[in-house]
Amino acid sequence: MKRQISKSDGCPGCATGAITRRGALQLASNGFGYLAFSALAQAATSLTVQLGQPHFSAKAKNIIFLFMPGGVSHMESFDPKPKLSEMDGKPAKLENYVAGPNRKWLRCLWEFKKYGECGAPVSELFPHTAKHVDDLAIVRSMKSEFPLHARGNVFLHTGRNVSGYPSIGSWVTYGLGSENKNLPGYVLLRDASVPPGGIENFSNGFLPATHQATHIRDEGVPVDNINPADKDQRVQRAKLDALLQQDRSFLKQTSGDDAIESAIANYEMAYRMQSLVPDVLDLGKEPESIKNLYGLDSTDKAKRSYGLQCLRARRLVEAGVRFVEVTPPNLFGMNGTWDQHTELKKGHETNSFVTDQAVAALLTDLKSRGLLESTLVLWAGEFGRTPDTGNGDGRDHHPGCFTIWMAGGGVKGGVTYGETDELGNKVASNPVTIHDLHATILQLLGLDHKRLTYKFSGRDQRLTDVHGNIVQEVLA
Amino acid sequence: MRSLLFFFIAGLSVTSAQTDRTDFFEAKVRPLLVSRCASCHGDKVQMGGIQLTSKDGMHVSGTVVPGDPASSRLVQALRYNGKIKMPPDGKLGDSDIAALESWIAQGAVWPDTVVASVPAPAGYWAFQPVKKPEVPKVADATWPTSDIDRFILEKLERKDLKPVNDADKYALLRRATLDVTGLLPTPEEVAAFEKDSSPKAFENVVDRLLASPAFGDHWGRHWLDVTYWADTTGVGRRIPLREAWRYRDYVIRSLNSDKPYNLFVKEQIAGPDKNPGKGKKAGDPEDLAATGFLVLGPWAWFSYDRDQLRSDVADLQVDLVGRTFLGLTLGCARCHDHKFDPIPNTDYYGMAGIFLSTQTLSSANSEGGLNTVRMPDTLASVRRYADEYEKWEKDVASVEAAEKVNQKERDELKKRLDELKAKPKSDETDAEIKTVEAQFDTVKKRSGTAGDRQVLPFTKYMKPRLPEAYAAEDMEFPEDARLAVRGDAHQLGKFTPRRFLKSAMWGPEPEISPRSSGRHELAEWIADEKNPLTARVYVNRIWHYLFGDGIVATTENFGSRGEPPTHPELLDYLATRLIEDGWSTKKVIREIMLSHVYQLSSAPNDQGNEIDPGNKLLWRANRRRLEVEAIRDTVLQVSGRLNPERGGPSLPLTAQNVHTIAPFFLEEDSVVEDQVRNRRTVYQPIMRSGQLADVDILNLFDFADPDQVVGTRIQTVVPTQMLYLLNSEFLKKQSRILAAKLLKDDKLDDDGRVSKIILAALSRPATTRDFQQARQFLSDFKAGLEKGHNDPDPLTAAWARYCHAILASSEFLYKR
């Protein structure tokens, strides 16, 4: 046995529930292919704890996280600040990391309109998403701690500001197991770029490797090593048979070792995955109307890429993948595509052009298939942008307050939660920390953030560490 | 809420109310006070003078007014009604608050015992002095060949378990070679061992292996697993640490020279001894890199909140030292007294003070932001530096000159473009715009850029430096740490004198000089032969690497939440032997490998499976998978491509790989340089998260996360590993190389080739079954070929696939 795995009540550190090595193998294979050995199944029933079960029943079974890296301007998306227009051009004296003598307030560059029955205001940047406000719970009082992209992103994903901790996607697949034993539990859909913070944002940390994100790229070979080394299927099979024959002789000689048994089973599984994964990603059977809904008919390459990944997200959720994360094409610099210190107008407009239609399409599509009820959709970035400007042309990083939204599984639609001050500088009421957001997401998925633990380095680790309060007001 | 009231009222109605109130207090109230209040209002810290862990402390300024919850300030604070809101990190649940109110309403009964905030250390085994145990008597006197065997056999005999037969010679040689060097025995070594029937045959093998520099490569990597070492720093971004290799090489060198472990420990905490004393040899000057152990870590190199960053770094260092050397999870005591081990808050901050008085980060926000020291100059190093510097100046000048020319051209083209765009639209101007734009792009490409990455800033970045190492130094003004509430560097309590673990003391606490950080004293204390943990933790890891499980299975947690030792006497025996043998790592490994138990077969039997299915008592050898490094290294070894070069820098610092906007960092798609790629994995560049594509096998086969202390790597078996083995370029390419090598020898027939592959990859002679399987595959493949497979070299193609199947087989991936 390598490590104890447990899910327990109460105080961090009070874990019980050792599992056998066989159990560990079984767990390890849970997220990404299941071993259909009766011996393993027996071992699983003898576990003192059950994994892959929610703590309580919940509507959301899957989650799609639409990650918006770089820092979307909250004042110019979902949190209008008319006062900024009055103050436009006047000297601003804010206490933050960019504070300086020559900073000025900057008015909102886009107009707001009210939408839906709830009348939530949305800026012109998001005309498509705006039509769904009655399904959204908009949180305007988010707070983060780090004004830097890499740390902000890692904090948003892992709840920590040091390396080595599991991503929320890994926690969720660890907590809920996989619905489809032949597909990974945590999938990241991205273009060639990786947002600041790198692979670490999607890492399993100390959780078993099976919970790490499987990256699916928009172009080229979608998943590492998924394309068979030999194109000819007969050659493939002959090679695999030679290998399995070799393994079976070895297994006999070793009197049936469970690790060797699972190796054999895994080879068969890997062989099947070679065709299964491409099948799920194949849009051949999607009608044109659906493809066009996501913008796949666009002349813009980035827009097609993001639309493709959003449509794949739906297909993956449909196929039973627990946690799908989508990052947008990186069009501006290395710091996340929404990072407009300059050319705010051009940058934000390009990004909204690329993403808004597909995001709305995803909501529409999920809803029409009845999947929105069981799918939590989260739209969030690492921080917001400053209400003032240093150069008149852009805004800087602002972890002091920002906006995110959630929709679908278990979320109360048409709600706006939390307030910022009249200039969009600080949270004015109902602050929501990253830990609170994590606790709420887990709650929506049927997981108690205090009980979702993994014993590592002598204590029961949690996604929310020792923090986190559930935002009850956004729960349906 | 209702059930709570019910509990309370029901309690009152039965027997003595006083007893029930005490029960209620113990069940509901005390746990709340201890878990939510005591860290700031406990025995150690009493913020605002209020102590919630004693009867007297509670009554200070009306905090608790027995019988009157409404007037008790505690209740107001808990309800978040007034200005004071407690606990500050989040309101208690309603039922918890109600419980406290009920308790106050009923008179705030306080039983006459103190809140036990630290578990009693009394007799906990890991804190007892190491004593050489008596070697037990065993019934079967013929089986043991060493005292180690007697400790093992004694436990087996008690369970009526018989050890299995010995491993065959091939399995034993393969196991031993992989365990010591991480490589396979060569066909010649297999043949020599096969022939050697002397009683010393295996002993000679072990001695040969331990003397090989490959020992350091393999065991050095084991040590790196229990450090935070990597070639990059930063949270998220891969900021290259150009000198990090020096610590990696220090570790490997130390293991190869069999540096006494106590010295190895001291050097990594306090640095090499500058005055080794008369008659003693000064260490290698390169050993200055030893404290890279403390400096290289998963911390950000920059933060707007400098105090918190320093505090977080010191925290990670306390935890590192605790887990690596002492097998204790000291980090738990940052926010509260350790819940399970006798480690109070004050011990933690005592140690944190030592690291807060140590310079880890440099004050300048330079590359990496880590503290560096100059390596001692040698004539050669200064000369090399002068030459490199001269060359570098020329490089910069030439890139700058080229850039100037290009800039001029670009400006002119830009100007022309603007003019054209200002003209009225016509097909003619449109065509010209296109031409000029194309010209502009050509110039842009040639103008000192590689792709879209700038050559000039990169060239400047590569400015040569005199040799330096990341190393820790004492702060000019060492100071004690202050207790920080829940680790928050802005909520500070009392100063805590620098010190180490009280409950692991064997004599008076060592005094720490007020003029130094205390690292020296800490190092001496850890490396002392009387320290109850140091030697035990180390020999346990050695055992773990040779058997697959430690005597204490939780190699980094010897605390009460860890696993108890399966063979406590054996652990102490080995710890004593380590010290007796002058803290020699190699001697301990040698003694263990020469034991009978190490040489057992891994094949199980029914009796053993019945009585001890987990093989905790070691009635057989464990079948263990090769470490990921060994998988990669042995594939290269078998294909003949393993580059034997050792040591030195390995970061791929090229204009293509380095992103040249501050902070300069390595791109995700960085490519390892050719001269490094086929070296052993321990010499590949190691990122903090997500390894480079050239060593992406590390991402799949449970490589130790550099951000954690990983004595025991988790072992997963997942289909993505199999996809790698089946389809990766690496396996495909090396199989092809191996096949081509085999086919070069035209004296070999098919069976001869099979014999050769099996011997090289599986370290045993081929069997009839191997020949049959190979023939079967070759004929299957041929049949496949006839139906339209079009490889220009079908024979190599066939053999490449056969080799591939062998290299991906379990027998290759596991130690027999």
Side-chain angles (χ1 to χ4, degrees), chain A residues 1-3 11 13 21 25 28-29 32-33 97 147 150-151 153-154 161-164 194 196-200 203 205-206 208-210 224-229 232 234-235 238-239 242-243 245-247 249-250 254-255 257 259-260 262-263 266-267 269-270 273 334 457-459 466-467 469, chain B residues 35 90 234-238 298-300 304 312 316 323 329 332 339-340 553 556-557 559 561 602-604 614 623 625 659 668 688-690 702 705 707-708 712 714-720 722-724 726-728 732 769 773 777 780-781 784 787 789 801-802 804-806 808-811:
Chain A
M1 201 208 73
K2 294 303 169 199
R3 252 177 218 147
C11 144
R21 188 154 150 268
L25 280 170
S29 60
F32 204 152
Y97 81 110
R151 276 224 270 178
N153 289 344
V154 171
N161 69 344
V162 290
S163 306
V194 180
I199 304 295
E200 205 168 312
S203 135
F206 45 71
T210 181
D224 285 339
N225 304 311
I226 197 76
N227 283 357
D232 188 322
R234 283 178 309 253
V235 176
K239 189 171 83 185
L243 196 166
Q245 224 175 7
Q246 173 70 27
D247 270 13
S249 324
F250 185 52
T254 59
S255 324
D257 185 296
I260 315 294
S262 30
N266 270 293
Y267 267 121
M269 172 70 60
M273 273 176 56
M334 283 302 293
S457 88
R459 57 179 280 229
V466 296
H467 314 281
N469 293 304
Chain B
S35 66
V235 175
R237 286 218 165 103
R238 294 166 165 174
W299 29 83
Y304 294 108
D312 289 348
L316 284 159
R323 285 198 256 168
T329 55
C332 292
K339 294 234 161 75
F340 311 112
E556 278 62 63
N557 192 356
R561 298 299 286 186
S602 62
R623 193 169 295 110
R625 191 168 72 191
H659 187 84
E668 294 287 340
R688 284 221 170 267
S689 178
D702 309 309
D705 183 346
D707 298 344
Q708 307 282 358
T712 304
I714 201 165
Q715 191 175 311
T716 60
V717 181
V718 291
T720 38
M722 305 320 182
L723 283 174
Y724 181 89
L726 286 175
N727 298 334
S728 67
K732 230 165 95 177
R769 203 203 305 256
Q773 283 172 3
F777 171 76
D780 283 358
F781 185 77
K787 288 176 192 125
H789 191 91
R801 275 142 186 104
Y802 176 72
H804 193 156
I806 295 297
S809 73
S810 297
E811 193 179 348

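Just so it is clear: chains get the letters A, B, ... in the order the sequence lines come, proteins before strands, and each one is counted from 1.
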What part of B:E811 gets within 4.5 angstrom of chain A, counting heavy atoms only: side chain, backbone, both, or neither? both
Where the side chain of B:Q708 meets the backbone of A:G164, is there a donor-acceptor pair that is under 3.5 Å apart? yes
To check you understand the geometry: which heavy-atom pair defines the closest contact between B:P719 and A:M273, and what is its length? CB-SD, 3.9 Å
Would you mind checking which part of B:S810 comes under 4.5 Å of any heavy atom in chain A, side chain (CB onward), backbone (N, CA, C, O), both or neither? both
Shortest non-hydrogen contact from A:L243 to B:A808? CD1-CB, 3.6 Å
Within the 4.5 Å heavy-atom criterion, are B:D705 and A:F206 side-chain neighbours or not? no
What part of B:Y724 gets within 4.5 angstrom of chain A, counting heavy atoms only: side chain, backbone, both, or neither? both
Heavy-atom nearest pair, B:E668 first then A:G198, reads OE2-CA, 3.2 Å
B:L723 vs A:I226 side-chain heavy atoms within contact, under 4.5 Å: yes
So how far is it from A:R234 CZ to B:F781 CZ, rounded to the nearest 0.5 Å? 10.5 Å
May I ask you to name which of B:R769, B:K732, B:Q773, B:E556 has the most heavy-atom pairs under 4.5 Å with chain A? B:Q773
Looking at B:F777 and A:A242, what are the two nearest heavy atoms and their distance? CD1-CB, 3.8 Å
Closest heavy-atom pair and its distance - A:A229, B:L726: CB-O, 3.4 Å
